[in-house]
Each structure stands twice: as structure tokens, then as C-alpha cells.
Protein chains: 2
Amino acid sequence: MKIQELADKMGLTIHTIRFYEKEGLLDDRHVRRESNNYRNYSEEAIERLKLIKKFQSIGCSLAELKEVLQDHDSNAHTNLQIIDWIRGKKKEIESKKEEYDQMLDTLNKMLKYRTLLMNDPQKAQEMLMTWHASSSD
Amino acid sequence: MKIQELADKMGLTIHTIRFYEKEGLLDDRHVRRESNNYRNYSEEAIERLKLIKKFQSIGCSLAELKEVLQDHDSNAHTNLQIIDWIRGKKKEIESKKEEYDQMLDTLNKMLKYRTLLMNDPQKAQEMLMTWHASSSD
DNA sequence: GCTTGCCCTAGAGTTCACTTTATAGTTTAT
DNA sequence: ATAAACTATAAAGTGAACTCTAGGGCAAGC
């Protein structure tokens, strides 16, 4: 598979794919060269890019990803180290989810206030008072 | 309150605070100048910075934040526009939470595999097979 | 009155994750 | 055979959100 085909399949640009390779996120399990020096991608490249996207979408940096993916490949780190990383990442995600829940709370309050403001400005004003009395801006 | 004190209270650097001001996230409700031109921050500055952190932690850009905070202050946008923004943001957060759930799934699989690898390499190998048969890397 | 430490501005530098550009070789269609 | 469409490399540019530096002013202690 040539680079443009892969790019289309993955919804990336060819530049991005070459960039990932340069950053060490793809190795010869994913890309090889044809006699004309064109890159030729294996099916594994697709899976790798999917994995990159997945991790990236939850806030892994490419540097962090490189670490994990290299662990995945070679045995640079011990199993225990990887298990630790996974546990840490799980905690991170869980606390991020909690933050999101808090934020949803805040947004719901804002929504309630703004809706009230349209229907009953008087009551909205009252709401603002009690809000300010408790905590945030 | 002088800048260093605020920075310490908020866990930011003085550079970051001045940067936020330059970006228009703080106004004269939050900062004024003393006769010597030193910045003097009100208590409201603390609430404002908390709010900035809160929104930022769930992926709002400073530009976006500026919009909302200005709405919050002046009535640059209509109530309906703000309500729309809030609704959109809520959706964003909800789908982000789903992504996080998926990621937790993946991490749990990885953890299971790595744990098995330590206790029963044979079974770990089998697990890898069924995994590869289904989908991801 | 001098040192130390905090304050100011303006602007340059940094990191991340791309994105674009310049230049050139290869393949394919007409 | 030539144009178009694709590939390659190397390197510069971008935007976001800081972060740091240079060069200077004020303030408090000895």
C-alpha cells in the first residue's frame, strides 16, 4: 500500500504519516521501501495508526506514545514497568473523567441560569446571589 | 495583592498571569495599577483564574475562554448564543467521556494481558491470538 | 547609599504536532 | 514523448500556550 492510499484510509495526510515515521512511531513492521524508494505500508501500519489515534485522543503525547509502542515492540521495559504505566494511565483517565463530571455540573448550572434569565430575570438574579454566596465566579 | 502572591496562591507563574492579561482574560475587575505601576489584584482575580483553569482543564482554548468570559461580563452575545455554546460544550464533554471509557477498556485489556504474561505466558499467548483475530494492534 | 529582591515592558525563545515549501525523481495516461 | 500525478527529502513555517531574557525601575534592610 502506498502512502496516499494509507492516508486516505486513515484520514491523515501523507505528511503526517511521514512525520510519525520520522518520530519513530512506525518501524519496518509497518513501512518498507520498494526498489524505487517509495514507502510500502503493511496492514499492520493501519492497526498501528489506529492505536496512535486512540491513545492520542485521550491526551497521550507522541513522545509518551513512542515509549509505550516501543515497549509493545521490543522488550525495552520490563513487564512490571509497563503494568505500572497502564495503572498510572488508568488513574489519569479516571480523574479526568471526574473533572469532566464537575464541568458538566458547572455547565448545567450555567444553562439553568441562562434559561432562567430568558424566562424569569427576577429569579435568575436570585439564583446568581446564592451562587455567589457559595463559591465560584 | 501583588503578582507573586497571586501566582503562589494559584500555582501559576507571574509570566503566565501577565500573559493571560495580555490575552484579554483579565480586566480591571481583576487587575488595577498602583501608583508605582505595580499590578494589584482583587479577590475576583482568584475566582477568575480558577474559572480559567476549570475550563482549560476540559480542553477549552484560551481564545474560546476569552469569548465566554467576555459574554459573562458584557452582553456581547445574546443569551441564546451562550445557551447554544453551553449545549455544544456539554455534548463535547459527553462524547469525550465516552472516548475515555473506551480507552479504559483498552487499558484494562492491556493490563490483563500483561498480568497474564507474568503468571501464565501460555495463556497470554492465546489471549493475544483472539485479540488479533478481532481487531486492534 | 548599596545590595537584594520584587516589579515593569518588550520581545525573543520553546515545545508540540503538525503543515507547507522547495526541489527533484518516478510512474502513468494520452 | 510529454504532461499529470505521485513519490521522495530536507527544512522552514505555524499556532497555541507558555517561558525566558534583557534592561530597567522601585523598596526594604543593613
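Throughout, a chain's letter reflects where its sequence line sits, starting with A, and its residues are numbered from 1.
- Annotation: side-chain hydrogen bond (donor to acceptor under 3.5 Å, both in side chains) contacts of A:N37 (sequence neighbours excluded): A:R33.
- For A:R48 and A:D27, the salt-bridge test fails: no basic side-chain N is under 4.0 Å from an acidic carboxylate O.
- Residues that satisfy the side-chain hydrogen bond (donor to acceptor under 3.5 Å, both in side chains) test with B:E94, not counting sequence neighbours, are absent from this structure.
- The side chain to side chain contact (heavy atoms under 4.5 Å, CB included) test applied to B:D8 returns B:Q4, not counting sequence neighbours.
- Partners of A:Q122 according to the side chain to side chain contact (heavy atoms under 4.5 Å, CB included) rule, which considers only residues two or more places apart in sequence or in another chain, are A:D120, A:E126.
- When rounded to the nearest whole Å, the span between CD1 of B:I17 and C1' of C:dT9 equals 17 Å.
- In this structure, CD of A:Q4 is placed 14 Å from C1' of D:dA8, rounded to the nearest angstrom.
- Regarding B:K22, its NZ atom lies at a distance of 11 Å from the C1' atom of D:dA17, rounded to whole Å.
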Under 3.5 Å, which N/O atoms of the protein pair with N/O atoms of nucleotides 21-23 of chain D?
none

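- For the pair A:R33 CZ and D:dA8 P, the computed distance is 6 Å after rounding to whole Å.
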Would you give a per-nucleotide map of nucleotides 25-30 of chain C, 5' to 3', where B means the base has a protein non-hydrogen atom under 4.0 Å away, S means only the sugar-phosphate does, and - means neither? BBS---
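- Per the geometry, CD belonging to B:E64 stands 18 Å off P belonging to D:dG15, to the nearest Å.
- In this view, A:Y20 satisfies the ring-ring contact (aromatic ring centres under 6.0 Å, His included) rule with no residue, not counting sequence neighbours.
- With sequence neighbours excluded, no residue forms a side-chain hydrogen bond (donor to acceptor under 3.5 Å, both in side chains) with A:K2.
- The distance from atom CD of A:E21 to atom P of C:dC18 is 15 Å, rounded to the nearest whole Å.
- Residue B:I3 places its side chain closer to C:dC8 than to any other of C:dC8, D:dC6, D:dT19.
- In this structure B:E64 satisfies the side chain to side chain contact (heavy atoms under 4.5 Å, CB included) test together with B:C60, B:S61, B:W85, B:K89, sequence neighbours excluded.
- By the side-chain hydrogen bond (donor to acceptor under 3.5 Å, both in side chains) test, A:S42 pairs with no residue at all, sequence neighbours left out.
- Residue A:D8 contributes atom CG, which lies 15 Å from atom P of D:dA5 at whole-angstrom precision.
- Within 6.0 Å of atom NZ in B:K9, more than 12 heavy atoms from other residues, nucleotides or ligands are found, so the atom counts as buried in its surroundings.
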Find every protein N or O atom lying less than 3.5 Å from an N or O atom of nucleotides 15-17 of chain C, and list the pairs.
from	atom 1	to	atom 2	distance (Å)
C:dA17	OP1	A:L62	N	3.3
C:dA17	OP2	A:L62	N	3.3

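- In this model, the phosphate group of C:dC18 is not approached by any side-chain N or O of A:T13 to a distance below 4.0 Å at OP1 or OP2.
- The side chain to side chain contact (heavy atoms under 4.5 Å, CB included) test applied to B:K50 returns B:M10, B:I46, B:E47, not counting sequence neighbours.
- Rounded to a whole Å, the CD atom of A:E5 is 15 Å from the C1' atom of D:dA5.
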